[in-house]
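All values derive from a computational prediction rather than experimental measurement.
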Amino acid sequence: SNSSANISFGGNVFSKDFCFGVTFSDALNQTWIGSEIPALRVDRNLIFNGSYKYNINEIYSVEAAAASRYTFGAPLDHSINVRAVYNNQFWAGFGFRTSPALNFSAGAFINQKFKIAYTAERSFVGIPGIGLTHELYVSFTIPTSKYSKF
């Protein structure tokens with residue numbers, strides 16, 4: 001099922017090697033499309049996140065990210081992810097979520113505009129036999145003029 005249109009608000013503050021932010025997602029609290037249960041809502045979340053990048057040398061770096069997610073009506077969930085980056089282009093990492101779940105991911109920064117990543121996550125709660133999920137992430141940044149503020 002997919003949700004209908006929704007609104008999320010969020011922002012991050014970045015420095016050279018550190019960032020932190022907050023997001024409020026699914027503010028409209030929509031129901032799931034096709035659901036026969038009117039009380040089944042899209043998950044509203046309040047997420048606090050942060051990350052740090054440590055440059056080992058000119059070729060290798062290590063990045064760690066953490067997030068705390070409060071889903072309205074559910075327990076607080078924490079996650080941490082670590083990845084090793086080679087030559088600011090390729091990376092591989094793993095993570096843990098207290099819900100509980102483990103993940104492995106790999107990706108590439110093809111250039112400053114194009115990124116691709118793959119993640120496999122194994123959840124240890126929920127419906128038996130449906131604990132492994134796959135995600136393919138593709139990102140393309142649309143160029144703006146050199147005079148644009150964005």
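Considering only residues two or more places apart in sequence or on other chains, Glu121 meets the side chain to side chain donor-acceptor pair (under 3.5 Å) condition with Arg97. By the side chain to side chain donor-acceptor pair (under 3.5 Å) test, Thr23 pairs with no residue at all, sequence neighbours left out. Partners of Tyr86 according to the ring pair (Phe, Tyr, Trp, His ring centres under 6.0 Å) rule, which considers only residues two or more places apart in sequence or in another chain, are Tyr60. The side chain to side chain donor-acceptor pair (under 3.5 Å) search around Tyr118 returns His134, not counting sequence neighbours. Partners of Leu102 according to the side-chain contact (heavy atoms from CB on, under 4.5 Å) rule, which considers only residues two or more places apart in sequence or in another chain, are Phe96, Phe124. For Phe90, the ring pair (Phe, Tyr, Trp, His ring centres under 6.0 Å) test picks out no residue, with sequence neighbours left out.
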task = Show the numbers, then the answer: is there a side chain to side chain donor-acceptor pair (under 3.5 Å) between His78 and Thr98?
result = CA-CA 6 Å; His78 306 287; Thr98 59; 5.5 Å; no
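Put simply, the side chain of Asn45 never gets that close to the backbone of Ile47: no donor and acceptor are under 3.5 Å apart. Remark: the backbone N or O of Tyr54 is not paired with any side-chain donor or acceptor of Ser61 at under 3.5 angstrom. For Asn111 (side chain) and Lys113 (main-chain N/O), a donor-acceptor pair under 3.5 Å exists by modelled atom type. For the pair Asp77 (side chain) and Ser99 (backbone), a donor-acceptor distance under 3.5 Å is present.
Hydrophobic cluster membership of Phe109, counting Ile, Leu, Val, Met, Phe, Trp and Tyr whose side-chain heavy atoms lie under 4.5 Å apart directly or via other members: Val85, Trp91.
Rounding to the nearest 0.5 Å places CD1 of Ile116 at 10.5 Å from OG of Ser139.
Donor-acceptor pairing under 3.5 Å is lacking for the side chains of Thr119 and Asn103.
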Side-chain donor-acceptor pairs under 3.5 Å in residues 9-21, sequence neighbours left out?
{"from": "Asn12", "atom 1": "OD1", "to": "Asn49", "atom 2": "ND2", "distance (Å)": "3.2"}
{"from": "Ser15", "atom 1": "OG", "to": "Phe18", "atom 2": "N", "distance (Å)": "3.2"}
{"from": "Ser15", "atom 1": "OG", "to": "Phe18", "atom 2": "O", "distance (Å)": "3.2"}

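If you chain together hydrophobic residues whose side chains sit under 4.5 Å apart, Phe94 and Ile80 never meet in one group. Each of Val82 and Phe104 belongs to its own hydrophobic cluster when Ile, Leu, Val, Met, Phe, Trp and Tyr are linked at side-chain heavy-atom distances under 4.5 angstrom.
Across every non-hydrogen atom of Ser123 and Ala101, the tightest pair is CA-CB, 3.9 Å. Residue Ala117 comes nearest to Leu136 through the heavy atom pair O-CD1, 3.3 Å, listed as atom of the first residue, atom of the second, then distance.
Listed by first then second residue, pairs satisfying salt bridge (charged side-chain N to carboxylate O under 4.0 Å, His left out) with a partner in residues 65-75 number zero, not counting sequence neighbours. Each salt bridge (charged side-chain N to carboxylate O under 4.0 Å, His left out) pair with one or both residues in residues 51-63, not counting sequence neighbours, appears once here: Glu63-Arg83.
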